[in-house]
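What you see below is based on every heavy atom in this structure, not just the backbone, and it leaves out hydrogens, waters and symmetry mates. Keep in mind that what you see is a predicted model, and the values were worked out from it rather than measured. In listed order, ligands and their atoms are each counted from 1.
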Amino acid sequence: MEKLIIKGGRRLAGEIRVSGAKNSALPILASSLLSQGPLRIGNLPHLHDITTTMELLGQMGLTLTVGDNLEVEVDSATISQFLAPYELVKTMRASILVLGPLLARFGKAEVSLPGGCAIGTRPVDMHLQALAAMGAKIEVEGGYIRATASGLKGADIVFDAVTVTGTENLLMAACLADGVTTLTNAAKEPEVVDLANCLRSMGAIISGEGTNVIQIQGVKSLKGTSYNILPDRIETGTYLTAVAMTGGRVKLKDTRPDLLGAVLTKLEEAGAVVSTGDDWIELEMDPADLKAVNIQTGPYPRFPTDMQAQFTALNCIAGGTGAIQESVFENRFMHVQELRRMGADVRVEGNIVFTSGVEKLTGAPLMATDLRASASLVLAGLVGCGETIVDRIYHIDRGYETIEEKLTNLGADIRRVPR
Ligand code: EPZ
């Protein structure tokens, strides 16, 4: 398996461009199943999860045309099967996002149950309960969800807990349902808002996205459209955290500072100097100023769980002690053992990661386990004394476009080596 080899100790400086948001691109690609005409999507990030989703849609018979400058056109007119097989779903849980659109447009779907993953059991019970409330007949057997619907009906749905892809699945399903659907306790993530904006440009009638109550008036059909994916706030936050750890000065372009309020607040609390414009963020850091922060993750607009591992790495080399409470997933601590291998003073008690900053981390061979944990190991490698080798970096390639190129552009000593 490919590895990343990092020689730590260099400050980061320069400018990089932020890519389109993975967690926006995935539901929007799935929404192509809803529209009568082709959906043209711009600013798609070149990520493994994106190619996996395009492969899934291609296997279902959709016509995909990949243009230049990060654009793809998806046409569901040629759809020939309504199956998301285990072989694909096991590599990417977000495949569950085809369930709602398939039921709404074609009245049938067979989707492998997404397994758990390193960060938790990741059930989809709320997706299934809500679709059943809209009239879908759902059976789960042999590891597959088999669902049919003779026309979904609008319903009043209250999610027991905030679920991002659950909100997105139901948002898409409700667009072609008969009548009005209300989603209460809906996720407010910017990626949900991006999906709603794309659906609206197809002719959907949606209000309330970005709040915890979304209302959708079903329509008979949706038309093709063109839509550009919003910038990736987690990629943005990851690179900002990298500079806060190494020290230096970096400007991130084509991003959205307004989507990162909680993260920018914590970076400033950690001692960083942050300046922003409409589509850029600059962070300057003197490593001597770095101090640990206390965080509790939660649904947007609270501090994102997808930034927890990166800040755990920051706290390991920051002055003082820190406590980060992970309130969204039950096991998002796989990076902690790996950071300990580098000499970090870090421990997990319940769902809280306690750290006491150390003078330095020592480079070591590490194992990536999930997307954001592997990002935190790369960040630790950037400050580790000596060489850090991060193995199984296919996890990273799922969510970070050419991470070694972007970090090299900022002055890091990082290279990818084959197995
Ligand atoms: C989305 O996952 C993101 N993935 C995750 O990003 C992100 O960490 C997560 O939201 C939280 O923000 C995509 O958007 C593709 P949830 P999702 O449903 O939708 C429980 C990354 O790093 N739950 O909001 O799967 C669940 O177990 C990835 O890019 C149920 O119990 O997360 C979790 O504890 C990782 N039943 C909590 O809710 C359900 O039916 C939140 O999960 C659904 C969820």
Side-chain angles (χ1 to χ4, degrees), residues 19-31 45 47-50 52-53 56 89 91-100 111 113-133 138 140 145 157-172 183 185-195 212 229-230 232-238 259 262-263 297-310 325-335 351 368-376 395-401:
S19 304
K22 165 179 84 78
N23 290 350
S24 188
L26 296 178
I28 287 176
L29 277 164
S31 75
L47 298 171
H48 196 261
D49 274 7
I50 302 303
T52 301
T53 305
L56 170 60
V89 176
T91 67
M92 190 192 65
R93 313 181 59 267
S95 310
I96 191 72
L97 284 165
V98 302
L99 180 60
V111 178
L113 260 184
C117 70
I119 65 178
T121 52
R122 312 289 296 274
V124 290
D125 52 311
M126 288 192 277
H127 300 234
L128 303 185
Q129 281 159 15
L131 289 168
I138 295 175
V140 179
I145 301 161
I157 290 158
V158 181
F159 288 112
D160 289 344
V162 173
T163 164
V164 174
T165 49
T167 300
E168 290 164 346
N169 235 336
L170 272 294
L171 177 56
M172 290 189 278
L183 304 179
N185 199 19
K188 301 187 276 192
E189 269 68 5
E191 294 74 28
V192 174
V193 174
D194 211 29
L195 172 63
N212 57 9
I229 302 291
L230 99 169
D232 195 318
R233 61 193 168 97
I234 304 302
E235 183 194 24
T236 304
T238 302
L259 305 183
V263 174
T297 69
Y300 193 88
R302 291 171 56 190
F303 188 93
T305 173
D306 293 348
M307 285 297 302
Q308 179 261 107
Q310 298 89 316
Q325 182 171 354
E326 172 54 64
S327 309
V328 177
F329 289 108
E330 66 267 31
N331 181 34
R332 201 165 199 172
F333 306 115
M334 303 295 279
H335 46 290
N351 68 341
T369 51
D370 62 271
L371 169 53
R372 306 304 175 185
S374 35
S376 82
H395 290 291
I396 283 200
D397 294 334
R398 293 189 49 193
Y400 291 92
E401 185 175 356

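The protein atom (non-hydrogen) at minimum distance from atom 1 (C) of ligand 1 is V164 CB, 3.9 Å. Residue, atom and distance of the protein heavy atom nearest to atom 18 (O) of ligand 1 are T163 OG1, 2.7 Å. Nearest non-hydrogen protein atom to atom 26 (C) of ligand 1 is F329 CE2, 4.2 Å. The protein atom (non-hydrogen) at minimum distance from atom 19 (O) of ligand 1 is T165 OG1, 2.6 Å. The shortest contact between atom 23 (N) of ligand 1 and any protein heavy atom is with M126 CE, 3.7 Å. Among all protein heavy atoms, the one lying closest to atom 37 (C) of ligand 1 is V328 O, 3.9 Å. Scanning all protein heavy atoms for the shortest distance to atom 2 (O) of ligand 1 gives R122 NH2, 3.5 Å. With hydrogens left out, the protein atom closest to atom 31 (O) of ligand 1 is P123 CG, 3.3 Å, a heavy atom.
T167 pairs in a side-chain contact (heavy atoms from CB on, under 4.5 Å) with only one of the listed residues (V192, V162, I157), which is V192. When the options H48, R372, K22 are evaluated for a side-chain hydrogen bond (donor to acceptor under 3.5 Å, both in side chains) with Y400, the one that passes is R372. Tested against I145 for a side-chain contact (heavy atoms from CB on, under 4.5 Å), the candidates V89, I138, L131 yield a single pass: I138.
Checking only distances, E330 never comes within under 3.5 Å of ligand 1, N or O to N or O. An N or O contact shorter than 3.5 Å is missing between E168 and ligand 1 by distance. For ligand 1, none of its N or O atoms has an N or O atom of L371 under 3.5 Å away.
Between T163 and H127 the shortest side-chain heavy-atom distance falls below 4.5 Å. Residues D232 and P45 fail the side-chain proximity criterion, which asks for heavy atoms closer than 4.5 Å. The side-chain heavy atoms of T53 and S95, taken from C-beta on, include no pair separated by under 4.5 Å.
Close contacts between ligand 1 and K22 involve ligand atoms 21 (C), 29 (O) [criterion: under 4.0 Å to a heavy atom]. Each of the atoms 24 (O), 41 (C) of ligand 1 lies under 4.0 Å from some heavy atom of V162. Numbered from 1 in the order shown, with element, the atoms of ligand 1 that lie under 4.0 Å from a heavy atom of V124 read 39 (C), 40 (O). Heavy-atom proximity to T305, at under 4.0 Å, picks out these atoms of ligand 1: 8 (O), 11 (C), 12 (O).
Side-chain contact annotation: H395 with D370, donor-acceptor N/O pair under 3.5 Å absent. Side-chain contact annotation: H335 with Q308, donor-acceptor N/O pair under 3.5 Å present. Side chains of T297 and Q325: a donor-acceptor N/O pair is absent below 3.5 angstrom, by distance only. Side-chain contact of Q310 with S376: a donor-acceptor pair under 3.5 Å is absent, judged by distance alone.
Of the listed residues (R332, R398, R372, R93), the one carrying the non-hydrogen atom nearest atom 35 (C) of ligand 1 is R332. Between atom 14 (O) of ligand 1 and the options T297, T53, N23, L128, the minimum heavy-atom separation is to N23.
The pair E191-R233 meets the salt-bridge criterion, with a side-chain N (NZ, NE, NH1 or NH2) lying under 4.0 Å from an Asp/Glu carboxylate O. Using a cut-off of 4.0 Å between Lys/Arg side-chain N and Asp/Glu carboxylate O, D306 and R332 are scored as salt-bridged.
The closest donor-acceptor contact from the side chain of N169 to the backbone of I96 lies under 3.5 Å.
Proximity of G166 to ligand 1 is not established, as no heavy-atom distance is less than 4.0 Å. The closest approach between any non-hydrogen atom of D49 and ligand 1 is not below 4.0 Å.
Contact annotation for H127 and ligand 1: heavy atoms of both the backbone and the side chain come within less than 4.0 Å of the ligand. Counting heavy atoms under 4.0 Å from ligand 1, residue D306 touches it through the side chain alone.
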